[in-house]
Colleague: 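Starting off with a structure, shown below.
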Number of protein chains: 4
Amino acid sequence: MQANDDVLVAAPARRPGRRRDASKDDVILEATRQLIAERGYEGMTMDAVAERAGTGKATVYRRWPSKVELTVDAVICGRQFILTIDDVPDTGSLRSDLMSIRGAARGSRNDELMHGLHQAARVDPQVAAVFHEQFVIARTALMRALLERALHRGEIAPGRDLDMIATVAPAMIAYQKVVAGGKAGPDYIERMIDHIIVPLATGSVPAAE
Amino acid sequence: MQANDDVLVAAPARRPGRRRDASKDDVILEATRQLIAERGYEGMTMDAVAERAGTGKATVYRRWPSKVELTVDAVICGRQFILTIDDVPDTGSLRSDLMSIRGAARGSRNDELMHGLHQAARVDPQVAAVFHEQFVIARTALMRALLERALHRGEIAPGRDLDMIATVAPAMIAYQKVVAGGKAGPDYIERMIDHIIVPLATGSVPAAE
Amino acid sequence: MQANDDVLVAAPARRPGRRRDASKDDVILEATRQLIAERGYEGMTMDAVAERAGTGKATVYRRWPSKVELTVDAVICGRQFILTIDDVPDTGSLRSDLMSIRGAARGSRNDELMHGLHQAARVDPQVAAVFHEQFVIARTALMRALLERALHRGEIAPGRDLDMIATVAPAMIAYQKVVAGGKAGPDYIERMIDHIIVPLATGSVPAAE
Amino acid sequence: MQANDDVLVAAPARRPGRRRDASKDDVILEATRQLIAERGYEGMTMDAVAERAGTGKATVYRRWPSKVELTVDAVICGRQFILTIDDVPDTGSLRSDLMSIRGAARGSRNDELMHGLHQAARVDPQVAAVFHEQFVIARTALMRALLERALHRGEIAPGRDLDMIATVAPAMIAYQKVVAGGKAGPDYIERMIDHIIVPLATGSVPAAE
DNA sequence: CGGTAAGCGAGACGGTACGTCGAGTCTTAAA
DNA sequence: TTTAAGACTCGACGTACCGTCTCGCTTACCG
């Protein structure tokens with residue numbers, strides 16, 4: 001899916017000819033993101049992408065074979081970060097760990113981008129695989145790791161199905177953003193942490209407010 | 001959104017000319033559902049709908065003003081049922097109540113239809129409202145009602161945020177179907193009931209298997 | 001080659017559906033001729049044709065399958081007339097017959113159109129056939145008929161190869177217009193008549209000037 | 001028009017660096033001719049020329065500034081010869097002089113090349129000048145010279161317009177090749193000589209066959 | 001005899017036209 | 001007036017080609 005995937009291990013004799021201007025990739029991807037955010041996936045046209053990027057259409061199509069593939073890379077490469085367990089310092093409790101990453105992966109136009117990618121995933125199964133890898137697996141894996149850290153701290157009640165619990169938060173956030181109206185704000189996430197995730201993991205019940 | 005909304009109360013003097021063939025509605029809606037299931041929302045073209053339905057395009061557009069609206073009705077009218085609390089007999093426990101509706105709203109092509117509708121919802125806010133009403137509110141409301149019934153039975157532990165819990169199951173199911181790969185089978189749902197929903201509501205932990 | 005070729009003898013039960021707006025044909029063809037005259041064949045783009053004709057590109061392509069075919073019809077239908085022997089009154093002598101048609105088939109932009117058609121003929125053999133029919137056969141046939149009329153008058157010297165002579169004038173005019181610089185003016189044609197065609201046919205020699 | 005025209009008078013101190021590989025010129029020109037013959041002018045692409053010549057496109061463009069200029073040189077340099085009066089031995093009669101050059105400037109693919117050049121001439125006036133010089137002036141001049149030689153022999157009847165007659169043969173041959181279907185074979189040329197050119201010049205009529 | 005400027009094959013670049021196709025509207029003759 | 005059929009406008013998609021530019025290499029002259 002990556003554009004510059006000619007890594008070709010043990011092929012030091014690089015092909016002749018002018019090399020692709022790697023900086024164009026970023027310019028095109030950024031133009032794509034802007035246009036998706038401004039006009040949505042349908043409204044983002046390849047001509048507009050090329051024009052805003054200051055390139056010809058052929059340059060776009062030389063790097064990405066179709067609109068959906070471009071969208072995929074635009075969204076994936078545009079993610080601020082994919083958090084892993086190493087990015088989240090151990091704050092000493094599951095709740096504060098979760099609160100510390102509460103704001104991750106949000107942004108002004110992220111939801112529209114997310115939908116563009118999701119739409120593309122439906123069209124192309126290869127794209128769907130990337131989508132699944134980046135957004136489903138990665139996020140569930142982070143949750144799972146945080147839960148295991150809490151387990152080692154002794155926070156987790158016995159008998160819990162950690163795999164299942166790890167999917168609850170990604171599911172609820174995606175549901176709010178993708179299925180419901182796109183309002184997974186900090187308050188919602190805090191409420192989810194306090195009333196769903198932490199109780200599920202630890203067996204405790206939040207104090208009445 | 002309903003097609004035949006020109007009933008014009010107190011207009012007994014019916015208009016001249018040929019009357020609409022009401023049976024066309026169903027034919028067109030079924031053609032729409034088939035095509036969405038076969039080719040996805042993008043691949044479902046209005047020409048193809050008209051051709052498969054054996055009608056002209058004008059007949060389609062006379063009844064639905066756009067592709068998205070047609071998609072909405074195709075999916076909504078195609079649903080087997082929208083369950084309400086009255087449709088679910090009180091089985092005496094939250095778990096068995098939930099298990100009794102485990103198979104609802106599934107079907108061979110339902111996921112693709114769901115996605116078609118979801119896509120349409122992004123394009124048209126009016127459609128989004130219908131979508132939200134039919135798929136978000138309705139399902140959450142059913143969960144909420146089941147939880148309240150369990151509360152009256154005394155199953156619910158104190159201090160629970162029932163509104164939040166009511167959204168967990170719809171969120172996880174939709175996530176599996178729409179975001180992940182579309183595999184919300186009976187086993188998954190049972191596992192979700194036993195390890196997530198019931199523990200959240202009752203504070204209990206499932207017996208080790 | 002003609003656009004409206006649905007003459008379909010003995011098919012009185014015409015198909016349903018909107019009929020093609022026959023007036024569009026003329027509008028499109030005229031736009032094509034204008035653009036060829038203004039910008040040449042290469043400069044005449046299908047987008048520009050559609051825009052000037054006030055139609056969509058699909059309407060153009062529904063009627064003509066490609067740029068070359070459109071060019072053919074534009075030029076053929078744009079010809080002022082194809083003269084036949086019946087159009088040329090018998091003036092009593094070959095020379096005055098020829099002089100009476102001296103100005104035929106000329107016009108401000110006719111040469112550029114001619115070239116457009118000629119170019120198209122090279123690309124498509126079917127087009128070449130039409131071209132040959134309209135511009136080679138028709139013109140030679142007229143010359144041949146005029147020569148035979150003169151033969152009946154007794155103007156033609158014995159032993160002449162009338163078929164060969166009939167091609168001389170079309171060849172020389174086309175040569176001047178297509179191969180040389182496009183200057184087959186009235187003076188040139190008169191000179192050709194007096195020093196080439198009439199001498200060839202009658203065996204006479206023009207009076208010294 | 002010539003490729004190596006950078007002779008830069010009074011610049012004997014030639015530039016440093018590698019010199020152009022003169023052999024490339026011929027390879028490129030031959031590739032051009034082949035492709036024009038195979039696919040026509042439109043179908044002959046610069047990429048294909050470079051590929052078949054085994055060179056890069058830059059090497060082509062370093063030598064010829066555009067497709068039309070390349071075409072010109074390809075056709076001009078590809079001609080077997082441009083005959084002048086010095087190339088045609090005096091055979092003692094106009095007819096035998098003409099018959100001796102009957103086969104000149106023909107060849108398997110010459111017609112397509114001719115059309116390529118002609119097409120290019122329409123696009124670029126500078127090319128048109130070269131075309132006119134090489135194919136119109138040169139050929140008419142040869143005819144004119146042959147006629148004058150016949151005049152000195154006493155073959156030419158008085159009062160003839162030799163300039164006009166000199167254009168008849170080039171016009172008829174070009175017409176056959178470019179406008180009509182490309183069939184100016186030896187038989188046709190002999191017939192033209194016997195029934196058109198010689199009668200026009202000498203006033204005689206061919207013997208009936 | 002080594003530096004250097006230019007030529008070389010390969011191919012990416014911006015731009016632009018082509019021909020296809022889909023959405024939604026409009027028109028026809030018949031029912 | 002509705003129907004089936006299908007032509008209509010608009011505009012995006014993806015391909016191809018032209019003429020330019022850039023890469024890393026190779027050649028041949030010139031100091």
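Residue numbers begin at 1 in each chain, while the letters A, B, ... track the order of the sequences.
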Colleague: D/D21: what forms a side chain to side chain donor-acceptor pair (under 3.5 Å) with it, not counting sequence neighbours?
Modeller: D/S23
Colleague: Rounded off to whole Å, could you give me the CG-to-C1' distance for the D/D21 and E/dG9 pair?
Modeller: 12 Å
Colleague: Between C/K24 and B/G56, which residue's closest nucleotide on DNA chain F lies nearer the 5′ terminus?
Modeller: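 Going by which nucleotide is closer to the 5' end, it is B/G56.
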Colleague: For DNA chain E, whose closest nucleotide is more 5', that of A/G54 or that of D/G54?
Modeller: D/G54
Colleague: With sequence neighbours left out, write down each residue that passes side chain to side chain contact (heavy atoms under 4.5 Å, CB included) with C/A53, or none if nothing qualifies.
Modeller: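 Counting only residues at least two positions away or on another chain, C/A53 forms a side chain to side chain contact (heavy atoms under 4.5 Å, CB included) with C/V27, C/I28, C/A31, C/T55.
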Colleague: List the atom of A/R39, the atom of A/A48, and the distance in Å for their closest heavy-atom pair.
Modeller: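 Distance-wise, the nearest heavy atoms are NH1-CB, 3.8 Å.
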Colleague: Side chain to side chain donor-acceptor pair (under 3.5 Å) with A/R62: which residues, sequence neighbours excluded?
Modeller: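 Partners of A/R62 under the side chain to side chain donor-acceptor pair (under 3.5 Å) test: none.
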Colleague: E/dG14 C1' sits how many Å from A/I28 CD1, rounded?
Modeller: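 So the two atoms are 11 Å apart, to the nearest Å.
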Colleague: Nearest-Å distance, CD (D/E51) to P (F/dA16)?
Modeller: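 That distance rounds to 14 Å.
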Colleague: Should B/R62 be listed as having a side-chain N or O under 4.0 Å from OP1 or OP2 of F/dT3?
Modeller: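 Yes.
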Colleague: Between E/dG9, F/dG6, E/dA10, which nucleotide gets closest to the side-chain atoms of C/R18?
Modeller: F/dG6
Colleague: Can you pull every protein N or O that's under 3.5 Å from an N or O on nucleotides 13-15 of chain F?
Modeller:
unit_1: F/dC13; atom_1: OP1; unit_2: A/K67; atom_2: NZ; d: 3.3
unit_1: F/dC13; atom_1: OP2; unit_2: A/M46; atom_2: N; d: 2.6
unit_1: F/dG14; atom_1: OP2; unit_2: A/Y61; atom_2: OH; d: 2.6
unit_1: F/dG14; atom_1: O5'; unit_2: A/Y61; atom_2: OH; d: 3.4
unit_1: F/dG14; atom_1: N7; unit_2: A/K57; atom_2: NZ; d: 2.8
unit_1: F/dG14; atom_1: O6; unit_2: A/K57; atom_2: NZ; d: 3.0

Colleague: Excluding sequence neighbours, so at least two apart, what forms salt bridge (Lys or Arg N to Asp or Glu O under 4.0 Å) with B/D26?
Modeller: none
Colleague: Just the rounded figure in Å: distance from C1' of E/dG9 to CZ of D/R52.
Modeller: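 In whole Å, E/dG9 C1' lies 18 Å from D/R52 CZ.
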Colleague: For A/K24, enumerate each residue passing the salt bridge (Lys or Arg N to Asp or Glu O under 4.0 Å) test, keeping only those at least two apart in sequence or located in another chain.
Modeller: none
